[in-house]
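What follows is a single structure, written as structure tokens, with notes after it.
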Amino acid sequence: MNQEEKILRENIRQIIRLVKQKKNTEEDTLRQVVREFIDVEMQTLTEAGPDVDPTPNKSTGINVLEELLKKIIPIIETDYKSLTTNNSQRESYRSHIINAVINSLTPAKINTAAGGDGVEDDLEEEIEINVGDNPVDNKFIDIRTDAEKSADDEEEEEDPRDAFGTDVEGDETGRNMAYQSYKKIETSIIDSYELLGDPEDQELFYDYLVANLKLYFDKFEEELAGSLDEPTNQAYTDAAQQADVGTEPTGDELELEL
């Protein structure tokens, strides 16, 4: 190696050292700036106190919906997450709740659009006039005893859960649980919607309510996915243990403890 190469190598080393020193200095400066910024922000937050009055949305419909969700989502979450036997129960619950919301708000939307033009009153009046017009029906004599009448009425009475699940297929347990849940929240949903008089607010409330219910159900399912254990019983546990040790179960061990 000649003298020129030695000088070149030394110059390169010095340049590398200078670059590293500059980089370290810049990083230290940046860290210091960030620390000072965080200190200032933390002090400002401490002096201002917690934000207990968040800025409302521009839409009254969304503001009303937000308050409604605070009431109904905890109820829905608790009941939905209690359905752990299989996924079909939760899918049925989800479908029935969303369908029930749509069914509850659709008449309210129609009434709002009609503007109270008396159509419903005319329909009721027509029904009252037509009922009992057949003279033959008026001459019918019912000879059943009171007990028979009561028994027949009980047979004819429709299970409200069946009516609730009309046009929606799915697991019966999920449907029944959805029916119980919806009885708790239906009034709040309708009352919140009927607070709104502006058509745009009503439309936003309706669309965002359905969308948020679907999103919350997705969220609940994701939370369950990581914590849900497969249902089992003592018989399965005993059989699995016997399989591990490679022995046959005895007569006593064949007795199921469910």
Side-chain angles (χ1 to χ4, degrees), residues 45 48-116 160-229:
L45 288 174
D51 183 10
V52 295
D53 187 21
T55 303
N57 294 283
K58 292 183 178 180
S59 167
T60 302
I62 299 301
N63 291 331
V64 172
L65 174 60
E66 184 176 349
E67 292 304 312
L68 172 67
L69 292 175
K70 292 177 183 177
K71 297 177 184 177
I72 69 174
I73 291 301
I75 296 172
I76 293 174
E77 179 179 9
T78 299
D79 292 347
Y80 179 85
K81 288 184 175 180
S82 70
L83 297 168
T84 54
T85 298
N86 55 59
N87 188 54
S88 298
Q89 293 179 342
R90 297 192 296 278
E91 288 179 352
S92 176
Y93 180 95
R94 170 182 178 142
S95 298
H96 281 88
I97 287 292
I98 293 174
N99 184 69
V101 169
I102 293 173
N103 288 341
S104 293
L105 292 186
T106 297
K109 292 178 67 178
I110 293 174
N111 290 339
T112 301
R161 295 175 298 185
D162 292 335
F164 177 79
T166 302
D167 300 327
V168 182
E169 297 182 357
D171 178 88
E172 186 173 340
T173 300
R175 180 206 68 180
N176 295 343
M177 184 68 80
Y179 173 76
Q180 289 296 115
S181 299
Y182 201 66
K183 288 198 299 182
K184 304 172 191 174
I185 65 177
E186 181 179 16
T187 300
S188 296
I189 292 172
I190 295 174
D191 288 348
S192 296
Y193 181 84
E194 291 182 345
L195 283 174
L196 304 170
D198 185 277
E200 184 177 349
D201 283 332
Q202 293 168 347
E203 193 67 25
L204 281 172
F205 179 95
Y206 178 85
D207 290 342
Y208 276 74
L209 172 57
V210 174
N212 272 273
L213 285 174
K214 292 183 178 182
L215 291 170
Y216 271 104
F217 280 127
D218 290 343
K219 176 176 179 290
F220 299 154
E221 190 63 29
E222 289 176 2
E223 292 171 351
L224 277 175
S227 61
L228 212 57
D229 294 326

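Source: prediction; values computed, not measured. Just the heavy atoms: all of them, side chains too, but no hydrogens, waters or symmetry mates, feed the values below.
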Spacing of [atom1] belonging to [X] relative to [atom2] belonging to [Y], to within rounding of 0.5 Å:
{"X": "Glu77", "Y": "Phe217", "atom1": "CD", "atom2": "CZ", "answer": "10.5 Å"}
{"X": "Ile62", "Y": "Asn212", "atom1": "CD1", "atom2": "CG", "answer": "8.0 Å"}
{"X": "Arg175", "Y": "Gln180", "atom1": "CZ", "atom2": "CD", "answer": "11.0 Å"}
{"X": "Leu196", "Y": "Ser59", "atom1": "CG", "atom2": "OG", "answer": "8.0 Å"}
{"X": "Leu195", "Y": "Glu67", "atom1": "CG", "atom2": "CD", "answer": "11.0 Å"}
{"X": "Glu200", "Y": "Thr60", "atom1": "CD", "atom2": "OG1", "answer": "10.0 Å"}

Is there a side-chain contact between Ile76 and Leu213, using heavy atoms and a 4.5 Å cut-off?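 Answer yes - side chains close enough.
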Evaluate the side-chain proximity of Lys71 to Ile185: yes if any heavy-atom separation is below 4.5 Å, no if none is.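 No, side chains not in contact.
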Between Lys219 and Glu223, does at least one N-O distance fall below 4.0 Å, as a salt bridge requires?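 Looking at Glu223 together with Lys219, the answer is yes, because their closest N to O distance falls below 4.0 Å.
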Ring geometry between Phe220 and Tyr216 (parallel below 30°, tilted from 30 to 60°, perpendicular above 60°):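 Tyr216 and Phe220: tilted rings.
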Sequence neighbours excluded and cut-off under 3.5 Å, please list the side-chain donor-acceptor pairs for residues 95-102, or say none.
from: Ser95; atom 1: OG; to: Glu91; atom 2: O; distance (Å): 3.0
from: His96; atom 1: ND1; to: Ser92; atom 2: O; distance (Å): 2.8
from: His96; atom 1: ND1; to: Ser92; atom 2: OG; distance (Å): 3.3

Tell me yes or no: between the side chains of Ser181 and Tyr93, is some donor less than 3.5 Å from an acceptor?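 Their side chains do contain a donor-acceptor pair, which is all the 3.5 Å distance test asks for.
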Do Tyr193 and Ser104 get their side chains close enough for a donor-acceptor pair, meaning under 3.5 Å?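 No.
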Excluding sequence neighbours, so at least two apart, what forms side-chain hydrogen bond (donor to acceptor under 3.5 Å, both in side chains) with Asp218?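 Expected list: Arg94.
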Under the salt bridge (Lys or Arg N to Asp or Glu O under 4.0 Å) rule, collect the residues that match up with Lys214, sequence neighbours excluded.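 Counting only residues at least two positions away or on another chain, Lys214 forms no salt bridge (Lys or Arg N to Asp or Glu O under 4.0 Å).
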Worked verdict on Ser192 versus Leu65 for side-chain contact (heavy atoms from CB on, under 4.5 Å): CA-CA 7 Å; Ser192 296; Leu65 174 60; over 6 Å; no
[X] to [Y] - nearest heavy-atom pair and separation:
{"X": "Leu68", "Y": "Phe205", "result": "CD2-CZ, 3.5 Å"}
{"X": "Arg90", "Y": "Thr84", "result": "NH1-CA, 3.9 Å"}
{"X": "Leu105", "Y": "Tyr206", "result": "CD1-CD1, 3.7 Å"}

Within the side chain of Asn86, is there an N or O that forms a donor-acceptor pair under 3.5 Å with the backbone of Gln89?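 Looks like yes, one N/O pair under 3.5 Å.
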